[in-house]
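Every chain is numbered from 1, with letters handed out A, B, ... down the list of sequences.
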Protein chains: 2
Amino acid sequence: MNQQPLLAYIKKYIDLTAEEETIVLSKIIDRRYLKNQYIIQQGDICKTINFIIAGCTKMFYVDEEGQEHIIMFSVEDWWSSDLGSFITQTPADFNIQCLENTQLIQFTFDKLEGLYKEVPKLERLFRKITERAFVASQKRVVRNFSLSAKEQYLTFKNTYPKIEQRVPQYMIASYLGITKEFLSKIKSQLIQDQ
Amino acid sequence: MNQQPLLAYIKKYIDLTAEEETIVLSKIIDRRYLKNQYIIQQGDICKTINFIIAGCTKMFYVDEEGQEHIIMFSVEDWWSSDLGSFITQTPADFNIQCLENTQLIQFTFDKLEGLYKEVPKLERLFRKITERAFVASQKRVVRNFSLSAKEQYLTFKNTYPKIEQRVPQYMIASYLGITKEFLSKIKSQLIQDQ
DNA sequence: AATAAATGTTAATCTAGTTTAACATCATTT
DNA sequence: AAATGATGTTAAACTAGATTAACATTTATT
């Protein structure tokens, strides 16, 4: 599989020597999933963190009433993992399912711990990645309680214009935390407004 | 100031040699703030990350209508910083204000970058801390869209029993994203229920 | 091309939480 | 002790978004 996107991504955060690159590449797993396959299921222990080379996934959980709630979508050059389960190696709260045929690069928990020892710079890489992920998550909390559903939808459209086109509308409603009917209403309002 | 709580905290994540401890302690700032003083204001660049030795802070932002929204409370052995502003050194989205007289240990941006070079293990420390913070934030997003206000309040009470007693009720309402009137209603319902 | 399955729309009714406003209690200052 | 400001309560009227249910459109399968 083509590993260039991963190396290019890493280079945005840290510099790797040729040897370090080789070590990293020797420890990763290439993996392909078909549309609708699960990468992780709620209750399983998440054994890998997953970098997407091609495709699209949704991370979601199913509540007691059987309702699906989407936490995030991931596409090329993003990560798709239940980090809580991964770092503590305890059962996952979330499912991750492919919305398209998807190619991943996986780091297993044990191999990654080994990698941190061989290439300590990777601690810095993942520190920085996680910092950014934390900030993004905190911003989402803020949006949740300061924006109306309409404003949140417009923010989503602006922030992830490509994702909107790849994903059915009812899943976007789920991601926004509103019903598909209400999203439909919002969209028709927006059309009338202009 | 007593720096033991910081060292004890760090030891939960990584081992430091005596020399490394000395280096860390040489690069930190002890700082005291009085009740109601601001550690950071919206629009300023957040120059330090702050570890609380004693006291209590709220992080919040003020929306266009002048309404305050509390993102988090921090007490002893926690961090209190606008991480987004800190890591990018751009203007802060949030204010941090002391709810009690507060003692902090501060790491400035430049000193911390230097510390990462002298004691690379600290990358690992902050990677782990940030991972946990990210997971906690993601869980809050989940709670936001799966729990009713009453359930969120009960979760808050359970998770942070000590904070509830140190902080006025209207601030807890703000943290939960509901009005103080509605929290008051919830509490009287809970009293009747039992 | 016909059928079935998945996705999207509309509208009526309902509800959790907001808004407003008046009042009650507690703590601090003079 | 009185007065002021900060915090908390109650209740009525209101609204954003949920629920239900019927229907419309698009996509995939035979």
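For the helix from C:dA1-D:dT30 to C:dT30-D:dA1, the angle separating the two terminal helix axes comes to 40°, with each axis derived from five pairs and the value rounded to 10°.
Here the range on DNA chain D touched by chain B, meaning any atom under 4.0 Å from one of its heavy atoms, is D:dT7 to D:dT10.
A heavy-atom distance below 4.0 Å to DNA chain D is reached by none of the residues of residues 152-162 of chain A. Contacts between residues 59-67 of chain B and DNA chain D, defined by a heavy-atom separation below 4.0 Å, involve no residue at all. Taking every heavy atom of residues 173-188 of chain B and every atom of DNA chain D, pairs under 4.0 Å involve B:Glu181, B:Ser184, B:Ser188, by number.
With hydrogens and angles ignored, the 3.5 Å screen pairs a side-chain donor or acceptor of A:Asn50 with a backbone N or O of A:Ser80.
Between A:Phe73 and A:Tyr175, the ring centre distance stays below 6.0 Å. If you look at B:Phe86 and B:Trp79, their ring centroids are not closer than 6.0 Å.
Side-chain contact between A:Glu21 and A:Leu7 is present, with heavy atoms from C-beta onward closer than 4.5 Å. Considering only heavy atoms from C-beta on, A:Tyr153 comes within 4.5 Å of A:Lys187 through its side chain. Within the 4.5 Å cutoff, side-chain heavy atoms of A:Ile172 are placed close to those of A:Val167.
Listed by chain and residue number, nothing satisfies the salt bridge (Lys or Arg N to Asp or Glu O under 4.0 Å) test with B:Lys47 (two or more places apart in sequence, or in another chain). Contacts of B:Lys150 classified as salt bridge (Lys or Arg N to Asp or Glu O under 4.0 Å), with partners at least two apart in sequence or in another chain: B:Asp193. By the salt bridge (Lys or Arg N to Asp or Glu O under 4.0 Å) test, B:Lys27 pairs with B:Glu118, sequence neighbours left out. For the side chain to side chain donor-acceptor pair (under 3.5 Å) test, residues two or more places apart in sequence or in another chain that qualify with B:Glu123 are A:Arg124, A:Arg127. For the side chain to side chain donor-acceptor pair (under 3.5 Å) test, no residue two or more places apart in sequence or in another chain qualifies with A:Asn101. Scored by the side chain to side chain donor-acceptor pair (under 3.5 Å) test, A:Ser146 finds B:Tyr61 as partners (sequence neighbours excluded). Under the rule for a side chain to side chain donor-acceptor pair (under 3.5 Å), B:Gln67 has no partner lying at least two apart in sequence or in another chain.
By the 6.0 Å and 45° rule, A:Arg31 does not stack over the aromatic ring of A:Phe51. At least one cation-pi condition fails for A:Lys185 and A:Phe182: the charged atom is not both under 6.0 angstrom from the six-membered ring centre and inside a 45 degree cone around its axis.
In this structure, the CZ atom of A:Arg166 is 16 Å from the P atom of C:dT7, given to the nearest Å. Atom-to-atom, CD of B:Gln189 to C1' of C:dA16 comes out at 10 Å; the value is rounded to the nearest Å. In this structure, A:Tyr170 atom OH and C:dT10 atom P are separated by 19 Å, rounded to whole Å.
Annotation: of the two residues near DNA chain D, B:Pro168 and A:Lys150, the 5′-most nearest-nucleotide partner is B:Pro168.
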